[in-house]
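Here is the structure we will look at.
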Amino acid sequence: IRFGEPPDARVIARRLAPNRRLLCAAPAYLARHGQPGSPAELVRHNCIGIRQGDEAYGTWRLSTGKGARRRTETVKTRGSLATNDGEIAVAWALDGHGILMRAEWDIARHLRSRRLVPVLPQWETPEADLYAVYPQRHQVSARVRAFVDFLVGRFASSTPGD
């Protein structure tokens with residue numbers, strides 16, 4: 001099970017559930033430092049870094065608009081805190097230490113309770129959909145197929161943060 005499509009075409013990947021990444025921060029942080037009005041303003045904020053996978057560390061890509069009006073901005077963020085543990089990063093954001101980009105599944109309950117609030121909600125971040133990934137040789141395995149079908153059904157009846 002992984003977030004995002006696998007980079008290797010030698011495996012089978014079946015999408016289990018959509019999963020947006022969102023920018024968020026604690027209301028206390030935004031009260032002290034202000035709400036950024038554009039992606040470029042993120043460089044003046046303490047952005048909480050998460051080192052994971054083969055993604056470029058500290059580089060956030062944000063897009064807005066549709067069709068020919070769609071544009072993407074890439075921002076090299078700065079911050080005093082970085083981790084490879086998503087739960088620690090969420091805890092830092094909850095404690096008011098900065099702006100965080102995190103998967104909706106990880107922060108939905110905090111957004112609902114308003115312990116975290118959206119930042120730049122009109123901008124989209126790269127998707128982090130949830131996939132079941134398995135070697136091609138297991139494609140015909142009844143066990144694997146049954147398990148993946150079960151996961152698809154389970155996630156279909158779930159909402160982020162459940």
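When reading the values below, keep in mind they use all heavy atoms of this one structure, side chains included, and skip hydrogens, waters and symmetry mates. Here, residue 1 is the first one in the sequence, and each next residue gets the next number.
- W123 is not listed as a side-chain neighbour of L23, based on a closest heavy-atom distance of 4.5 Å or more.
- Hydrophobic clustering (side-chain heavy atoms under 4.5 Å, transitive across Ile, Leu, Val, Met, Phe, Trp, Tyr) groups I50 together with L81.
- Proximity of I99 to L120: side-chain heavy atoms (C-beta onward) are nowhere separated by under 4.5 Å.
- Two residues are said to be in side-chain contact when any heavy atoms from C-beta on lie closer than 4.5 Å; R70 and E124 meet this criterion.
- Looking only at side-chain heavy atoms (C-beta outward), T125 and L62 come within less than 4.5 Å of each other.
- Residues forming a side chain to side chain donor-acceptor pair (under 3.5 Å) with T64 (at least two apart in sequence, or on another chain): none.
- Inter-residue side-chain proximity for L22 and L111 is flagged as met; some heavy-atom pair is nearer than 4.5 Å.
- Using a 4.5 Å heavy-atom cutoff, the side chains of R21 and P126 are in contact.
- Taking 4.5 Å as the limit, every side-chain heavy atom of V144 sits out of range of all side-chain heavy atoms of I12.
- For residues 24-37, the pairs satisfying side-chain hydrogen bond (donor to acceptor under 3.5 Å, both in side chains) are Y29-H45, with sequence neighbours left out.
- Listed by first then second residue, pairs satisfying side-chain hydrogen bond (donor to acceptor under 3.5 Å, both in side chains) with a partner in residues 84-94 number zero, not counting sequence neighbours.
- L42 has its side chain within reach of W60: a pair of non-hydrogen atoms, C-beta onward, lies under 4.5 Å apart.
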